[in-house]
2 protein chains.
Amino acid sequence: MSLKHAILVLLETEPGSGYDLLKRFREHMGYFWNASHQQIYQQLKWMHEAGWLEASTEPQQGKPDRKVYELTPQGHEALLAWLAETSKPEKINDSLLVRLYGGHLRDTENIRAEMAHHRTLYEQNRAALLSIEQHYLALPKAEQQRYRFPYLTLRRGILSVEAWLDWADEVDAFLNHP
Amino acid sequence: MSLKHAILVLLETEPGSGYDLLKRFREHMGYFWNASHQQIYQQLKWMHEAGWLEASTEPQQGKPDRKVYELTPQGHEALLAWLAETSKPEKINDSLLVRLYGGHLRDTENIRAEMAHHRTLYEQNRAALLSIEQHYLALPKAEQQRYRFPYLTLRRGILSVEAWLDWADEVDAFLNHP
DNA sequence: AGCCTCATGTAACGTGTTACATGATTGT
DNA sequence: ACAATCATGTAACACGTTACATGAGGCT
């Protein structure tokens, strides 16, 4: 619900530019957070104006300047306050399920194709997550300890994708024996 | 991503008022779609103006008038066109995971309490879904056939909640043996 | 007396998407 | 030649949330 705070969590660990954040979201949080670059720049601008972030411009050769942001004490406080809040469960709005709910209005082949397409994406996703997990499990104990919280979120990604694929098997079985 | 089309799916089966739709979302689609009454009224207004819906006012005694909507041929067409579109996987933005990712900035007790709170909600949810499933499985074959697509979405809800609870067990084990 | 359900809506704000805009460097 | 990556942003629009507003009837 709050991209602002997701950005704060990332910047707390290490300062970075909008572009850096985009990559960090994709690399480390892809299975539970998604944001476009436009939105990241908008939120950075807002937080900068609100005094949560400090910006410094790093000139580069042959590339546009990098605008590196880091937390101010106010930004740190805003993050801690948010982390202490009581959270609500996520709102789920899954259009694939709406589309399936209305399956009687569709051609079965169309549904099968849609499921197959999504399955491919989920399978690729699962492979990527499992390989990240192998990488984590190969780390020495001390390193594992450092990344224990991100690892828990990775496990969520894995269990989540596997549950989707199990469900997809059920759907396929259903479509094939109506 | 499209409340408009979720509403169209519901109204295609049976005409209804904004208030009816709110209840239908809660009763039949709660595990994959959520909308507030304000938003439903806004979208109904938009779709009425766009010619997707026709409205008729039913006066009632001692209660405000009901404004019942049903699909126009254009609305039907819009729905079929949407169902035929290629869909993208849902965007996931799960703030609980952002909060856990930043767990090193938090008190462990605080995390445990948050997890326990969410667990209670998910367990209640699971119980509700399993009871709906029992009800479905007790129906005669012909009725089961009629509700086969909604049943598939129900299965998604069940597998999804169970996967969350499995993950919560892992998190608890982790927090207790750090 | 106070809360829940029925039943509708507006206004302001916050969040997210799509399209547009620029421009150098590196790889195929 | 063409696409990708690096790096930044604005503008318009779509979608969603919170707060406000009204008013009857039933339950505890």
Side-chain angles (χ1 to χ4, degrees), chain A residues 1-8 15-27 29 32-50 52-53 55-69 78 82 85 87-95 98, chain B residues 1-8 15-27 33-50 52-53 55-69 78 82 85 87-95 98:
Chain A
M1 285 306 194
S2 190
L3 174 57
K4 289 188 185 78
H5 302 100
I7 291 174
L8 288 179
S17 68
Y19 196 82
D20 290 338
L21 287 165
L22 182 65
K23 281 188 296 176
R24 288 197 219 165
F25 274 118
R26 287 215 253 258
E27 281 164 30
M29 295 182 159
F32 68 92
W33 201 274
N34 288 285
S36 63
H37 83 272
Q38 293 92 332
Q39 213 191 328
I40 290 170
Y41 286 120
Q42 279 174 116
Q43 297 298 311
L44 285 171
K45 192 183 170 189
W46 187 95
M47 291 194 282
H48 186 232
E49 280 165 11
W52 292 8
L53 301 178
S56 57
T57 306
E58 287 183 5
Q60 295 192 126
Q61 288 177 323
K63 290 178 189 174
D65 293 353
R66 268 163 50 85
K67 212 166 164 182
V68 177
Y69 292 93
W82 180 72
E85 270 175 30
S87 67
K88 288 180 289 184
E90 282 314 296
K91 219 186 107 158
I92 302 160
N93 287 48
D94 189 337
S95 61
V98 175
Chain B
M1 283 311 192
S2 190
L3 175 56
K4 290 187 186 77
H5 302 100
I7 291 173
L8 288 179
S17 67
Y19 197 83
D20 290 339
L21 288 165
L22 181 65
K23 282 188 295 177
R24 287 195 220 166
F25 274 119
R26 286 215 253 260
E27 282 164 32
W33 201 275
N34 287 286
S36 63
H37 82 272
Q38 294 92 331
Q39 212 190 327
I40 291 170
Y41 287 119
Q42 280 173 111
Q43 296 299 313
L44 285 171
K45 193 183 169 188
W46 187 96
M47 289 194 285
H48 186 231
E49 280 165 10
W52 291 11
L53 301 179
S56 57
T57 306
E58 287 183 6
Q60 295 193 123
Q61 288 177 324
K63 289 180 190 176
D65 293 354
R66 270 162 49 85
K67 211 164 164 182
V68 176
Y69 292 93
W82 179 73
E85 270 175 31
S87 66
K88 287 181 288 186
E90 283 314 297
K91 216 185 109 156
I92 302 161
N93 287 48
D94 189 338
S95 61
V98 176

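Residue numbers start from 1 in every chain, and the chains themselves are labelled A, B, ... in the order their sequence lines are given, proteins ahead of strands. Everything numeric here is computed off the predicted structure, so don't read it as measured data.
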Check whether any side-chain N or O of [X] sits under 4.0 Å from OP1 or OP2 of [N], and answer yes or no.
X: Tyr41(A); N: dG9(D); answer: no
X: Lys45(B); N: dT8(C); answer: no
X: Ser17(B); N: dT8(C); answer: yes
X: Lys23(A); N: dT5(D); answer: no
X: Lys4(A); N: dT15(C); answer: yes
X: Tyr19(A); N: dT8(D); answer: no

Practice problem: Give the angle between the helix axes at the two ends of the helix from dA1(C)-dT28(D) to dT28(C)-dA1(D), taking five base pairs at each end and rounding to 10°. | Solution: 40°

How many angstroms lie between [atom1] in [X] and [atom2] in [Y], if you round to the nearest 0.5 Å?
X: Leu22(A); Y: Tyr41(A); atom1: CG; atom2: OH; value: 7.5 Å
X: Lys91(A); Y: Trp33(B); atom1: NZ; atom2: CH2; value: 8.0 Å
X: Gln42(B); Y: Gln39(B); atom1: CD; atom2: CD; value: 7.0 Å
X: Leu53(B); Y: Lys45(B); atom1: CG; atom2: NZ; value: 14.0 Å
X: Asp94(A); Y: Asn34(B); atom1: CG; atom2: CG; value: 11.5 Å

Exercise. List in chain and number order the residues that pass ring pair (Phe, Tyr, Trp, His ring centres under 6.0 Å) with Tyr19(B), two or more places apart in sequence or in another chain; answer none if no residue qualifies.
Key: none

Quiz item: Side-chain contact, heavy-atom cut-off 4.5 Å: Asp20(A) with Tyr69(A)?
Solution: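 No. Closest side-chain heavy atoms not under 4.5 Å.
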
Practice problem: To the nearest Å, give me how far apart CG (Leu3(A)) and P (dT17(D)) are. | Solution: 16 Å

Pairs under 3.5 angstrom, nitrogen or oxygen only, protein versus nucleotides 11-13 of chain D, please.
none

Quiz item: Within 45° of the ring axis of Trp52(B) and under 6.0 Å from its six-membered ring centre, is that where the NZ or CZ of Lys4(B) lies?
Solution: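 Relative to the ring axis of Trp52(B), which defines the angle, Lys4(B) lies outside at least one limit.
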
Practice problem: Tell me which of Asp20(B) and Lys88(B) sits closer to the 5' end of DNA chain C, going by the nucleotide each one is nearest to. | Solution: Asp20(B)

Quiz item: Quick one: on DNA chain C, does Ala35(A) or Lys67(B) contact a more 5' nucleotide (nearest heavy atom)?
Solution: Lys67(B)

